[in-house]
Protein chains: 2
Amino acid sequence: MKEIARLADVSLGTVSNVLSGLSTVREPLRQRVLEAVQALDYQPNQLARGLRRDKTNIIGMIISDISNPFFPAVVKGAEDTAFKNGYRLFLCNSDNDFAKEETYLHELQTYLPSGLIIMTSNINGSPALADAYRKAGSAVVYVDRLPPLWTGDTVTSMNEQGAYDATKYLIDLGHRRLGMITGSSTRTNSDERVQGFRRALREAKITISPEYVQEGYFEKQSGYANATTLLKLLPRPTAIFAANDLMAFGALTAIRDMGLRCPEDVSVIGFDNLDLAEIVTPALTSVDQSGYQLGAVAAQLIADRIRGDKEPKHTHVLPTALKLRASVAPALIDFETTVKKARGKPAKRSR
Amino acid sequence: MKEIARLADVSLGTVSNVLSGLSTVREPLRQRVLEAVQALDYQPNQLARGLRRDKTNIIGMIISDISNPFFPAVVKGAEDTAFKNGYRLFLCNSDNDFAKEETYLHELQTYLPSGLIIMTSNINGSPALADAYRKAGSAVVYVDRLPPLWTGDTVTSMNEQGAYDATKYLIDLGHRRLGMITGSSTRTNSDERVQGFRRALREAKITISPEYVQEGYFEKQSGYANATTLLKLLPRPTAIFAANDLMAFGALTAIRDMGLRCPEDVSVIGFDNLDLAEIVTPALTSVDQSGYQLGAVAAQLIADRIRGDKEPKHTHVLPTALKLRASVAPALIDFETTVKKARGKPAKRSR
DNA sequence: TTGAAAGCGCTAACAA
DNA sequence: TTGTTAGCGCTTTCAA
């Protein structure tokens, strides 16, 4: 910057004013400065600028597991929107390791980012740290998974409704013995999906015993293992709703490995509508949520906050949509259940 | 930091010395400082530290497309290794947009990172910028895709050999009419895979006309489109080698959509050995490359460089391995070709 | 409208 | 062994 000042024969302050675009610098001077900037291929030192301004153009984004194929879309949405608004997205992958998440959270803050987008790996842990960001003047948004204690801005999908829609679809096709593979119970999005599943059952007056809802952890192997457990239950479920696509993929493999067929013997629905849902065989029916939108809305929220939005709290909930594919078929006429009903009803009446 | 100095009743310099761990501070003082650090939950301002030290603990990583499912493994490998060495990985996604890559490259540099790991989106563009990093004292490694003009450290997989192995495997199974879907020609890794393919053909004295090698761009749709083109050729290829798994997935769909069967009518091999290669139907035979290792080696290279490694140039080339799955079958006895040979040979002799 | 100068939080050279 | 101080590159008063 000194060099520029020398080359353009102005003071440091003038160079700064030109670069900040803010001030009232006379045109000839401005030109000289800009030429010097060009000539020297100057880039302002963001470290010094940030130190002085008490704020950088960084938006930090913490994600819990970059391997989960749902996340890239979220990152892309956040990235695009942040970039357009002049911010740079710095991604930190916590690898589902909460200690790592804390380290990143602590350290990232000392880079004085303008904002923080966080898909936490532990909904019980971070709000205190995130609050420190807010106190320091950074905008914070939780995305996808919300710690109950968090009182600030959030962006999520309609998890409950999406799960409800998927379950209702199965019920409408005649399925009565439904199984579900949930995500980890430390994730609110999983809980909401379970609630949607249960609401649909309740409305249809279907009761299932607890072992028909198995807890997984959002990964393929977990879908495989839990589907295997579900399919060994008697009576066997005719349909499985998995809380995400990865687990649904695992379920498809489990079904095949047990000598069963999807959808003839067991229907499967996932959640996320990953690109791959179309590729697997059979193509997977899935609840679509827009990861891109999730990220884009979060980044926009931060940009707005920085520009002075003072609303007490934004709570964005984005719509989902059921994508119908080949992994679901109508339930076969269910002899066993029919017989039981026939036996059961008189018994009920006789009370 | 001032507060700490006050609380521990020492000077700023002493606090700094304790925090840097370097100096000879008497134990009682050291304790007082550390207690104060605890009490105030102090985190050093990395902006100020970086500005002063002329270097931060950031390793920047630029990837061209976070949606490509091969990349997360690379990122994870880099992340783990960087973190263990005390560096923080900041990821920038250029979205295959070279202008964006340039912007990130320019701006990231002014954060004075210790290192830069780059999977470029354009092998012709960035070495000049990357050289600026080296001049500024940051270690730079190119991963996966290497600009020909780059003279520094690199980490890649054995693309040529992997492709050779895959092709030879097909040839050994009797395939003679082979098709290939390449990646974009601006990527060196794609070129190397084409070379491996051609070497195997050459060694087996198989010649194919140019239209049996179609140029794709590493995405699923591109695999679909190019496979469709290949399968319309006469004689139809009995096997297709795709330069990555995503394109191979597209090819599988194309085969099905044309009413053909894999592997009975057409065998398919991909490259990358994504997790999903096991999930698709039929399970995809693929050349495995370790993304995790690619990233880990790159990050280690940077850590070593920062610690003073002065070797002129490191060129790591990691092994690949062919993973056999259901998408390949032996070639059927090939009547058409046999007839041609029978006709051709006498003709040749008569010359 | 422009220039001079203080200071952001930290490190490192030097003095005590 | 500890304290003092200059200064990293920039922004932002304030004065000219």
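Naming: A, B, ... by sequence-line order, numbering from 1 per chain.
The aromatic ring centres of B/Tyr104 and A/Phe83 sit less than 6.0 Å apart. Ring centers of B/Phe90 and A/Tyr111: under 6.0 Å apart, within the cut-off.
For the pair B/Lys2 and B/Val15, the minimum side-chain heavy-atom distance is 4.5 Å or more. Considering only heavy atoms from C-beta on, B/Asp153 comes within 4.5 Å of B/Arg305 through its side chain. A/Gln300 is not listed as a side-chain neighbour of A/Val155, based on a closest heavy-atom distance of 4.5 Å or more.
Nucleotide C/dA4 holds its C1' atom 18 Å from the CZ atom of A/Arg6, rounded to whole Å. Protein atom NZ of B/Lys55 is 13 Å distant from nucleotide atom P of D/dG9, rounded to whole Å. The interatomic distance linking B/Arg30 (CZ) with D/dG3 (P) rounds to 16 Å, in whole Å. Computed from coordinates, the A/Ile4 CD1 to C/dT2 C1' distance equals 17 Å when rounded to whole Å. One can place CG of A/Asn57 at 15 Å from C1' of D/dT11, the figure rounded to the nearest angstrom. Between the CZ atom of B/Arg26 and the C1' atom of D/dT1 there is a distance of 7 Å, given to the nearest Å.
Using a 4.0 Å cut-off between charged nitrogen and carboxylate oxygen, A/Asp304 and A/Lys310 do not count as a salt-bridge pair.
Neither OP1 nor OP2 of D/dT4 sits under 4.0 Å from any side-chain N or O of B/Ser11. Distances shown here put a side-chain N or O of A/Thr14 below 4.0 Å from the OP1 or OP2 atom of C/dG3.
Around the CD atom of A/Gln38, the shell of radius 6.0 Å holds no more than 12 heavy atoms that belong to other residues, nucleotides or ligands. Within a 6.0 Å sphere centred on CD of B/Glu3, other residues, nucleotides and ligands contribute 12 heavy atoms or fewer.
With hydrogens and angles ignored, the 3.5 Å screen pairs no side-chain donor or acceptor of B/Ser20 with any backbone N or O of B/Asn17.
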When every nucleotide of nucleotides 6-16 of chain C is labelled 5' to 3' by its protein contacts under 4.0 Å (heavy atoms), B for base, S for sugar-phosphate only, - for none, what sequence of letters results? BBBBBBB----

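Interface residues of residues 128-137 of chain A facing DNA chain D, ordered by number: none; criterion, heavy-atom separation under 4.0 Å.
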